[in-house]
Amino acid sequence: MKENLTIKGGDKTVKKSFPWPVFDDSDINVITQVAQSGQWGNPDCLGLVEKFEKEFAAYCGSKYAISCVNGSVALRLALIASGVRPGDEVIVPPYTFIATATIVIEANCVPVFVDIEPDTYNLDPSKIEAAITPRTRAIIPVHFAGQACDMDSIMEIARKHDLVVIEDSAHAHGGEYKGKKLGSIGNAGCFSFQSSKNLTAGEGGLVVTDDENMFDMMNSLRNVGRVKNGQWYEHHYIGCNYRITQFQAALLSQQLTRLESQTRLRNENGIYLNTLLEDTEGIKPLTRGHGETLHTYHLYIFRYDKSKFNGMSKRKFSEMLAAEGVPCFMGYPKPIYEQPLFQKKNFMCYAIPDYVDYSNVQCPVAEHACYEEAIWILQHAMLGTKEDMKLFAEVIRKIKSRSGF
Ligand SMILES: *Cc1c(COP(=O)(O)O)cnc(C)c1O
């Protein structure tokens with residue numbers, strides 16, 4: 001017999017669904033207009049790609065933006081345009097989406113994993129310097145879940161060691177650190193518009209930067225190595241066709257008009273849910289107060305302690321939470337360096353030096369987050385009402401009481 005996961009053995013406590021993406025006729029109209037124009041792609045005849053890039057750059061307070069097919073390619077373009085050379089080392093966190101590290105391999109560089117902070121799950125600046133060698137060239141901090149990294153400390157280390165900083169802002173559209181938009185603080189900031197992200201057109205990506213040389217290089221790389229004022233079949237660099245369509249650009253401009261209010265709503269709901277869970281032993285929301293003036297809550301993450309839940313595994317807890325109707329997930333099963341790709345060094349044609357070995361890497365905080373602790377509530381649920389937040393907290397308390405305490 002199938003195990004009954006809901007508390008009362010029947011109905012979910014949270015009955016509402018939380019739609020994502022959010023759209024209305026205004027989104028449908030802009031797409032229809034592109035369809036009717038017959039100008040669907042490159043060149044940017046309708047000017048919608050450049051229009052969106054200008055809007056997003058201005059929104060971030062950056063000079064330039066380069067759109068591209070996805071967030072992974074955005075990171076790849078930024079890293080290559082930053083001037084890395086084969087064999088250079090790039091510092092990345094182990095608790096992130098795989099692309100943060102694989103784009104480093106794809107640039108023939110070496111990802112070096114530095115552990116995260118236990119209370120924010122962001123790259124731990126106090127552990128960065130110990131990982132720096134004469135080969136280190138860049139740091140890719142990830143504003144995980146939409147919470148700002150400790151950028152003052154990271155930028156200071158980067159200046160001291162002459163390193164490039166590329167902010168992986170795939171969770172962080174519209175988020176802020178000390179009043180500055182995330183992505184606009186380092187040498188470049190990379191965004192994803194994949195379906196689950198806080199700003200989406202189904203797929204897509206973008207890099208913001210103030211660096212004109214990086215901008216020109218990324219512009220060329222996403223456009224098959226072409227250069228400004230060059231001929232169509234004249235190619236100067238190893239690029240590819242990484243361009244987005246007019247449909248994506250039109251939809252992104254329309255969706256961007258909602259981003260700030262959605263972000264503020266999630267931020268408020270996150271702060272509220274933190275207060276609701278304050279007294280629940282065994283549930284610790286990640287702490288705020290590290291400079292994030294606006295948290296995007298792409299994920300609302302709390303740390304689960306099974307010892308306060310009669311030993312119930314994190315997997316079981318997260319399944320029960322989901323069965324009650326809370327959109328949630330147990331997150332990454334393991335830190336990136338434990339993936340077969342790294343353990344077996346399945347680097348295929350990429351020229352990673354022989355000395356590289358991930359079998360001895362240990363990042364205990366990331367490991368604990370993966371195996372024991374991290375539970376994610378998904379961003380669309382954070383667009384709910386205060387009443388929804390109360391229900392989420394109530395479900396968590398009910399599961400706890402059912403677990404025997
Ligand atoms: C989604 C994501 C990416 C990659 O974005 P895609 O558009 O899926 O290629 C990179 N980094 C992080 C942290 C992400 O969550």
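Counting convention: from 1, in listed order, for ligands and their atoms alike.
Under the 30°/60° scheme for interplanar angles, the aromatic rings of His298 and His171 are found to be tilted.
Between Phe317 and Tyr304, the gap from one ring centroid to the other is short of 6.0 Å. Aromatic ring centres of Tyr350 and Phe347: separated by at least 6.0 Å.
With a 4.0 Å heavy-atom cut-off, ligand 1 is reached by the side chain of Lys197 but not by its N, CA, C or O. At a 4.0 Å heavy-atom cut-off, ligand 1 touches Ala170 through the side chain alone. When heavy-atom distances to ligand 1 are checked against a 4.0 Å cut-off, Asn70 comes that close through both its backbone and its side chain. At a heavy-atom distance under 4.0 Å, no atom of Val73 approaches ligand 1.
Counting protein heavy atoms only, atom 10 (C) of ligand 1 is closest to Asp168 OD2, 3.7 Å. Protein heavy atom nearest atom 3 (C) of ligand 1, with residue, atom name and distance: Phe97 CD2, 3.6 Å. For atom 9 (O) of ligand 1, the closest non-hydrogen atom of the protein is Ser72 OG, 2.5 Å.
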Fill in: Worked verdict on Asn29 versus Ser26 for side chain to side chain donor-acceptor pair (under 3.5 Å)
CA-CA 5 Å; Asn29 288 342; Ser26 65; over 6 Å; no
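When side chains are defined from C-beta on, Val165 counts as touching Pro141, because their heavy atoms get closer than 4.5 Å.
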